Amino acid sequence: VQLQGRGGGLVQAGGSLRLSCAASGRTFSSYAMGWFRQAPGKEREFVATISWSGGRTYYADSVKGRFTISRDNAKNTIYLQMNALKPEDTAVYFCAAGGLLVVTTTGYDYWGQGTQVTVSS
């Protein structure tokens with residue numbers, strides 16, 4: 001599975017962005033998918049994950065109520081709608097595919113290249 005994330009950019013605090021991650025391969029719909037982020041000097045951290053069917057989602061406490069993860073298996077694509085953005089959301093955002101609905105990086109086998117999100121105050 002190859003993943004291509006896009007949609008990052010520069011936005012003011014309180015604004016919104018929508019990230020997308022397109023996957024190649026016929027088995028996309030069998031994978032749980034996740035979003036992680038990594039700020040400079042920090043470890044990569046969990047943001048959100050969604051089950052293969054889209055029926056289950058989990059979020060980090062820091063983004064709950066502001067971010068929404070979704071997927072369209074017909075388009076082999078997942079999304080991360082980010083609202084009410086804060087400067088502390090600034091990071092490189094990575095999409096990932098794995099076999100389990102987990103919040104740790106070790107649970108994912110395939111990673112996108114990352115897309116930069118910068119939130120100005």
Side-chain angles (χ1 to χ4, degrees):
V1 176
Q2 292 186 325
L3 305 174
Q4 178 72 44
R6 53 173 51 95
L10 173 64
V11 63
Q12 288 188 332
S16 299
L17 279 175
R18 188 194 196 202
L19 305 183
S20 64
C21 176
S24 63
R26 294 176 293 174
T27 60
F28 170 80
S29 61
S30 66
Y31 287 98
M33 300 293 295
W35 286 98
F36 289 75
R37 66 187 182 186
Q38 188 166 16
K42 295 187 177 181
E43 294 186 351
R44 192 168 298 188
E45 66 174 7
F46 167 75
V47 175
T49 186
I50 187 167
S51 62
W52 66 270
S53 67
R56 289 184 294 163
T57 57
Y58 294 102
Y59 297 90
D61 288 343
S62 59
V63 307
K64 201 172 295 183
R66 300 187 298 123
F67 291 11
T68 302
I69 188 172
S70 61
R71 69 189 296 163
D72 185 338
N73 286 343
K75 295 182 178 180
N76 280 11
T77 301
I78 65 166
Y79 305 93
L80 185 69
Q81 177 66 44
M82 304 185 294
N83 298 327
L85 282 160
K86 304 175 181 180
E88 50 263 45
D89 295 318
T90 296
V92 177
Y93 283 70
F94 299 88
C95 58
L100 300 174
L101 194 68
V102 296
V103 302
T104 56
T105 57
T106 54
Y108 294 83
D109 303 309
Y110 305 97
W111 291 84
Q113 84 287 1
T115 183
Q116 176 71 46
V117 172
T118 303
V119 184
S120 63
S121 58

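These numbers come from the heavy atoms of this one structure, side chains and all, not from hydrogens, waters or symmetry mates. All figures in this text were calculated on a predicted structure; none of them were measured in a lab.
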Original post:
Under the side chain to side chain donor-acceptor pair (under 3.5 Å) test, which residues partner S16, sequence neighbours left out?
Top reply: N83

**OP:** Kindly state each residue pair satisfying side-chain hydrogen bond (donor to acceptor under 3.5 Å, both in side chains) with at least one member in residues 95-106, sequence neighbours excluded.
**Re:** T104-T106

**OP:** Locate the shortest heavy-atom distance separating S30 from T27; write the atom from each residue and the value.
**Re:** OG-O, 2.6 Å

Original post:
Which residues satisfy the side chain to side chain donor-acceptor pair (under 3.5 Å) test with N73, sequence neighbours excluded?
Top reply: R71

Original post:
Just how far is it from atom OG of S70 to atom CG of L80, taken to the nearest 0.5 Å?
Top reply: 8.5 Å

Original post:
Is R56 reaching over with its side chain to a backbone N or O of S51, donor-acceptor style, under 3.5 angstrom?
Top reply: no

Original post:
Is the shortest side-chain N to carboxylate O distance from K86 to D89 below 4.0 Å?
Top reply: no

Original post:
Which pairs with one or both residues in residues 37-60 pass ring pair (Phe, Tyr, Trp, His ring centres under 6.0 Å), sequence neighbours excluded?
Top reply: F36-F46

Subject >> Straight-line distance of I78 CD1 to D72 CG, nearest 0.5 Å >> reply: 11.5 Å

**OP:** Quick one: do V117 and M82 satisfy side-chain contact (heavy atoms from CB on, under 4.5 Å)? Show the steps, please.
**Re:** CA-CA 10 Å; V117 172; M82 304 185 294; 3.9 Å; yes

Original post:
Quick one: does T90's side chain have a donor or acceptor within less than 3.5 Å of a partner on V119's backbone?
Top reply: yes

Original post:
Considering all heavy atoms of both residues, which atom of V102 and which atom of G107 are nearest to each other, and what is their separation?
Top reply: CG2-CA, 3.6 Å

Original post:
Can you get from V47 to Y79 by hopping between Ile, Leu, Val, Met, Phe, Trp and Tyr side chains that sit under 4.5 Å apart?
Top reply: no

Original post:
Applying the 4.5 Å side-chain criterion to the ILVMFWY set and letting contacts propagate, would W111 and M33 be lumped into a single cluster?
Top reply: no

**OP:** Look at the side chain of T57 and the backbone N and O of T49, then say whether any donor-acceptor pair between them is shorter than 3.5 Å.
**Re:** no

Original post:
In the single-linkage hydrophobic clustering (I, L, V, M, F, W, Y; side-chain heavy atoms under 4.5 Å), do V11 and Y93 co-cluster?
Top reply: yes

Original post:
When rounded to the nearest 0.5 angstrom, what is the spacing between CZ in R6 and OG in S20?
Top reply: 5.5 Å

Original post:
Taking all non-hydrogen atoms of both residues, which atom of G112 and which atom of F94 are closest, and how far apart?
Top reply: O-CD2, 3.6 Å

**OP:** Quick one: which residue pairs count as a disulfide bond (SG atoms under 2.5 Å apart) with a foot in residues 26-86, not counting sequence neighbours?
**Re:** none

Original post:
What heavy-atom pair brings G98 and Y108 nearest, and what distance separates the two atoms?
Top reply: N-CD2, 3.6 Å

Original post:
Taking it one step at a time, do F67 and L19 satisfy side-chain contact (heavy atoms from CB on, under 4.5 Å)?
Top reply: CA-CA 11 Å; F67 291 11; L19 305 183; over 6 Å; no

Original post:
Mind checking whether Y110 and Y31 have parallel, tilted or perpendicular rings, split at 30° and 60°?
Top reply: perpendicular

Original post:
Of all heavy-atom pairs between S62 and R37, which one has the smallest distance, and what is that distance?
Top reply: OG-NH2, 3.5 Å

Original post:
Do the side chain of Q113 and the main chain of Q4 share a donor and acceptor less than 3.5 angstrom apart?
Top reply: no

Original post:
For T118, which residues count as a side chain to side chain donor-acceptor pair (under 3.5 Å) partner, sequence neighbours excluded?
Top reply: Q116

Original post:
Closest approach of T115 and G8, non-hydrogen atoms and distance?
Top reply: OG1-N, 3.1 Å

